[in-house]
Peer 1: 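Have a look at this one before I ask anything.
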Amino acid sequence: MKKKNFMSLLLAAATCFSLLAGCSNGGASGNAGANANVIKIGGIGPLTGSAAQYGIATRQGAEIAVSEINELGGSIQFELNSQDDEADGEKGVNAYNTLIDWGMQILYGCTTSGSCAAVAAESFSDRVFQLTPSASSTTVTEGKDNVFQLCFTDPNQGKTAADFISEHKLATKIAVIYNNGDDYSTGIYQGFAAEAEKVGLELVSVTTFPDDTTTDFSAQLTDAQNSGAELVFLPIYYTPASNILLQAKQKGLSFSYFGCDGLDGILTLEGFDTSLAEGVYVLTPFDTTSDAAVSFIEKYKEAAGEAPNQFAADAYDCMYALYEACQKANITSDMSYSDVCDALISVFTSSDFAVDGLTGSGMQWGANGEVSKDPLVVQIVNGAYVNQ
């Protein structure tokens with residue numbers, strides 16, 4: 001079988017796009033015809049709470065893709081039911097059980113690694129196929145043949161960051177501030193530290209904090225300053241990062257900063273002074289300059305009133321990857337979720353299944369659930385991302 005031209009689907013969808021109204025928490029969306037072969041996809045992510053910006057972005061990106069797919073009028077249609085987990089594992093499992101009762105055939109999510117790991121244990125036991133747009137910890141997929149990631153993994157982010165800093169001579173003395181109570185943050189730090197040693201970067205300060213509710217980073221910043229750090233590496237989410245940038249300015253500290261995909265969204269964080277992020281480097285898979293990306297960005301702005309982040313783009317790509325796989329596997333609405341799971345595992349791990357999307361070209365998956373694609377590095381300049 002020839003490699004599917006994923007971008008042709010995106011461009012075709014752009015000509016017949018009919019935007020769904022955003023569904024409320026727990027609502028299903030899809031705009032599928034009454035007699036269509038409707039596949040039920042359950043979505044889980046934080047729609048409220050401190051990580052809501054990620055979950056809302058993934059839901060909106062997925063909804064746009066589902067609307068486009070259904071408007072194509074093909075033999076397969078999607079219905080998406082989004083549930084809120086507040087980035088909490090226990091609530092994620094509750095949301096999962098709600099979706100099972102609803103009749104979910106495929107699980108899309110979770111958005112954050114901690115919740116996703118908890119839910120993945122359930123989906124593995126039940127044999128439900130799971131594709132996450134953004135839960136990048138290796139703990140999500142380890143030992144689970146049914147769980148796949150569209151995002152790149154945490155160790156890969158850490159390695160890429162260290163290599164970029166070294167190759168572009170951004171700094172040699174590095175401070176790291178990470179959340180040691182979070183799999184995502186810890187995983188990136190570990191990958192970064194291992195690669196930093198190989199490429200000759202000196203980690204002069206490594207400090208931690210216990211969770212993303214932490215607001216005082218005086219001790220961490222002071223340690224970075226006293227150690228002579230030139231650059232601070234932040235493998236963390238945007239909320240604690242925003243506090244670090246603000247407090248560094250208040251202390252009169254001047255560092256370079258390098259963050260990972262968790263920082264994507266900081267520019268639209270309510271009440272955040274975007275000038276604080278000027279010059280910050282961020283890892284992202286989302287190239288906003290392609291024709292397909294420009295079309296998606298316009299639709300997202302119309303729906304959400306702001307520009308999409310990479311989480312929205314990853315979610316969009318998830319739906320199209322599932323659509324391609326469902327077509328290849330001949331998935332039907334009367335199949336049990338366990339039968340769907342077996343069929344989709346076979347497709348996703350086959351050597352002739354490759355897709356092009358907003359966040360990667362020729363994306364393929366291994367038996368370990370990891371996607372093959374490369375991160376990009378952007379820098380925040382005048383409140384916008386600039387490819388490096």
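As the structure is a prediction and not an experimental result, all values here were calculated from the model.
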Peer 1: Without hydrogens or angle criteria, can the side chains of Asn81 and Gln83 be said to hold a donor-acceptor pair below 3.5 Å?
Peer 2: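 A pair is found: one side chain offers a donor N or O, the other an acceptor, under 3.5 Å apart.
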Peer 1: Find out whether Ile41 and Met319 are in side-chain contact, i.e. whether some heavy atom of one side chain is under 4.5 Å from a heavy atom of the other.
Peer 2: yes
Peer 1: Pair Thr207, Asp223 - check side chain to side chain donor-acceptor pair (under 3.5 Å), show working.
Peer 2: CA-CA 8 Å; Thr207 55; Asp223 193 79; 5.5 Å; no
Peer 1: For Thr359 and Lys373, which I'm curious about, is there any donor-acceptor pair between the side chains at under 3.5 Å?
Peer 2: yes
Peer 1: When you compare the side chain of Gln379 with that of Tyr385, does any pair of heavy atoms fall below 4.5 Å?
Peer 2: no
Peer 1: In terms of relative ring orientation, are Tyr178 and Tyr189 parallel, tilted or perpendicular, with 30° and 60° separating the classes?
Peer 2: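 Rings of Tyr178 and Tyr189: parallel, under 30°.
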Peer 1: Within the side chain of Trp102, is there an N or O that forms a donor-acceptor pair under 3.5 Å with the backbone of Gly42?
Peer 2: no
Peer 1: In the structure I gave you, are the side-chain heavy atoms of Arg59 and Leu47 within less than 4.5 Å of one another anywhere?
Peer 2: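 Arg59 vs Leu47: side chains touch.
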Peer 1: Ile345 and Val140: same hydrophobic cluster, using ILVMFWY side-chain contacts below 4.5 Å?
Peer 2: no
Peer 1: If hydrophobic clusters are built from ILVMFWY residues whose side chains come within less than 4.5 Å, do Ile39 and Met335 share one?
Peer 2: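 Same cluster.
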Peer 1: Give the C-alpha distance, both sets of side-chain angles, the deciding distance and a yes or no for side chain to side chain donor-acceptor pair (under 3.5 Å) between Thr58 and Thr111.
Peer 2: CA-CA 7 Å; Thr58 55; Thr111 300; 3.2 Å; yes
Peer 1: Through direct or indirect side-chain contacts below 4.5 angstrom among Ile, Leu, Val, Met, Phe, Trp and Tyr, which residues connect to Val381?
Peer 2: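 ILVMFWY cluster around Val381 also holds Val386.
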Peer 1: Mind checking the CG-CD1 spacing from Leu276 to Ile266? Nearest 0.5 Å is all I need.
Peer 2: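 That separation rounds to 8.0 Å.
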Peer 1: Just by distance, no angles: are the side chains of Thr215 and Asn243 close enough, under 3.5 Å, to form a donor-acceptor pair?
Peer 2: no
Peer 1: Under a 3.5 Å distance rule, please check whether Glu122 uses its side chain to pair with a backbone N or O of Val93 as donor and acceptor.
Peer 2: no
Peer 1: Given 3.5 Å as the limit, does a donor-acceptor pair link the side chain of Asn37 with the main chain of Ile331, or not?
Peer 2: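 Confirmed, Asn37 side chain pairs with Ile331 backbone.
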Peer 1: Working to the nearest 0.5 Å, report the span between OH of Tyr257 and CG of Leu170.
Peer 2: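 Going from OH on Tyr257 over to CG on Leu170, the span is 14.5 Å.
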Peer 1: Under 4.5 Å between side-chain heavy atoms, counting indirect links through other Ile/Leu/Val/Met/Phe/Trp/Tyr residues: same cluster for Leu269 and Leu263 or not?
Peer 2: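 Yes; Leu263 is reachable from Leu269 via cluster members.
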Peer 1: Please confirm whether Tyr54 and Tyr237 have ring centers closer than 6.0 angstrom.
Peer 2: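 Centroid distance Tyr54-Tyr237: below 6.0 Å, so yes.
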Peer 1: Hey, are Tyr316 and Glu68 close enough side-chain-wise for a donor-acceptor pair under 3.5 Å?
Peer 2: yes
Peer 1: Between Asp145 and Arg127, does at least one N-O distance fall below 4.0 Å, as a salt bridge requires?
Peer 2: yes
Peer 1: Which is it for Val232 and Ile177 under the side-chain contact (heavy atoms from CB on, under 4.5 Å) test, yes or no, and what are the steps along the way?
Peer 2: CA-CA 7 Å; Val232 179; Ile177 303 175; 4.0 Å; yes
Peer 1: Indicate whether the side chain of Asp183 and that of Thr186 have a donor and an acceptor atom separated by less than 3.5 Å.
Peer 2: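 No.
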Peer 1: Would you indicate whether the side-chain heavy atoms of Thr214 and Pro240 approach each other to under 4.5 Å?
Peer 2: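 Sidechains of Thr214 and Pro240: no contact.
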Peer 1: Would you say Ile297 ends up clustered with Val378 if hydrophobic residues are merged whenever their side chains have heavy atoms under 4.5 Å apart, either directly or through other cluster members?
Peer 2: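 Result: no, two separate clusters.
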Peer 1: Got a donor-acceptor contact below 3.5 angstrom from the Thr160 side chain to the Gln157 backbone?
Peer 2: no
Peer 1: A side-chain contact here means heavy atoms from C-beta on lying under 4.5 Å apart; do Leu267 and Tyr238 qualify?
Peer 2: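 No - every pair of side-chain heavy atoms lies 4.5 Å or more apart.
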Peer 1: Should we say atom CD of Glu90 is surrounded by more than 12 heavy atoms from elsewhere, each under 6.0 Å from it?
Peer 2: no
Peer 1: For the side-chain hydrogen bond (donor to acceptor under 3.5 Å, both in side chains) test, which of Ser185, Ser113, Ser136 pairs with Asp154?
Peer 2: Ser136
Peer 1: Do Asp314 and Ser134 pair up side chain to side chain, a donor and an acceptor below 3.5 Å, judged on atom types alone?
Peer 2: no
Peer 1: Test side chain to side chain donor-acceptor pair (under 3.5 Å) on Asp101 and Thr98 and set out the steps.
Peer 2: CA-CA 5 Å; Asp101 292 341; Thr98 296; 5.8 Å; no
Peer 1: Does the side chain of Ser372 pick up a donor-acceptor pair with the side chain of Gln364 at under 3.5 Å?
Peer 2: no
Peer 1: Could you tell me whether the side chain of Asp287 and the main chain of Thr289 form a donor-acceptor pair under 3.5 Å?
Peer 2: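 A pair under 3.5 Å: yes.
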Peer 1: What I want to find out is whether Lys40 reaches Glu79 closely enough, with some N-O distance under 4.0 Å, to be called a salt bridge.
Peer 2: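 A salt bridge is absent here (no side-chain N lies under 4.0 Å from a carboxylate O).
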Peer 1: Is the gap between the ring centers of Phe129 and Tyr337 under 6.0 Å?
Peer 2: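 No: the rings miss the under 6.0 Å criterion.
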Peer 1: How far does SG of Cys110 sit from CG of Asp88, to the nearest 0.5 angstrom?
Peer 2: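 CG of Asp88 is found 10.5 Å from SG of Cys110.
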Peer 1: Would you find a donor on one side and an acceptor on the other, under 3.5 Å apart, between the side chain of Lys144 and the backbone of Glu142?
Peer 2: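 Answer holds: yes.
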Peer 1: State whether the side chain of Gln149 and the backbone N or O of Ala135 hold a donor-acceptor pair below 3.5 Å, judged by distance alone.
Peer 2: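 The answer is yes, because a donor-acceptor pair under 3.5 Å joins these two groups.
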Peer 1: Checking side-chain contact (heavy atoms from CB on, under 4.5 Å) for the pair Ile64/Tyr300: CA distance, chi angles, key distance, verdict?
Peer 2: CA-CA 8 Å; Ile64 291 174; Tyr300 192 94; 3.9 Å; yes
Peer 1: For the backbone of Ser218 and the side chain of Thr222, can you confirm whether one donor and one acceptor N or O come within less than 3.5 Å of each other?
Peer 2: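 At least one qualifying donor-acceptor pair exists.
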Peer 1: Any side-chain donor-acceptor pair under 3.5 Å between Asp261 and Thr284?
Peer 2: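 Absent: no donor and acceptor within the cut-off.
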Peer 1: Take Asp85 and Ser115, measure what side chain to side chain donor-acceptor pair (under 3.5 Å) needs, and give me the verdict at the end.
Peer 2: CA-CA 7 Å; Asp85 66 2; Ser115 178; 2.7 Å; yes
Peer 1: Please check if atom CD in Glu197 has more than 12 non-hydrogen atoms from other residues, nucleotides or ligands closer than 6.0 Å.
Peer 2: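 No.
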Peer 1: Give a yes or no on whether the backbone of Leu80 and the side-chain of Glu63 come within a donor-acceptor separation of less than 3.5 Å.
Peer 2: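 The answer is no, because no donor-acceptor pair under 3.5 Å joins these two groups.
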Peer 1: For the OG1 atom of Thr172 and the CD atom of Glu202, what is their distance to the nearest 0.5 Å?
Peer 2: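 The CD atom of Glu202 is 7.0 Å from OG1 of Thr172, to the nearest 0.5 Å.
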Peer 1: Please round to the nearest 0.5 Å and tell me the distance separating atom CD of Gln327 and atom OH of Tyr323.
Peer 2: 4.0 Å
Peer 1: When you look at Ile106 and Leu131, which way does the side-chain contact (heavy atoms from CB on, under 4.5 Å) test go after all the steps?
Peer 2: CA-CA 8 Å; Ile106 300 170; Leu131 177 64; 5.9 Å; no
Peer 1: May I ask you to check whether Thr268 and Gln53 show a side-chain donor-acceptor distance below 3.5 Å?
Peer 2: yes
Peer 1: May I ask you to check whether Asn179 and Thr208 show a side-chain donor-acceptor distance below 3.5 Å?
Peer 2: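 Judged by distance alone, the side chains do not pair up.
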Peer 1: Same cluster or not: Phe152 versus Val147, using hydrophobic residues (I, L, V, M, F, W, Y) connected whenever any side-chain heavy atoms lie under 4.5 Å apart?
Peer 2: no
Peer 1: Rounded to the nearest 0.5 Å, what separation is found between the CG atom of Leu150 and the CZ atom of Phe311?
Peer 2: 12.5 Å
Peer 1: Verify side-chain contact (heavy atoms from CB on, under 4.5 Å) between Leu231 and Tyr281, making sure each step is shown before the conclusion.
Peer 2: CA-CA 11 Å; Leu231 180 147; Tyr281 291 89; 5.5 Å; no
Peer 1: Do any N or O atoms from the side chain of Glu278 and from the backbone of Asn382 form a donor-acceptor pair under 3.5 angstrom?
Peer 2: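 Present.
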Peer 1: Check whether any side-chain heavy atom of Cys260 sits under 4.5 Å from a side-chain heavy atom of Tyr184, and report yes or no.
Peer 2: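 Yes, close enough: below the 4.5 Å cut-off.
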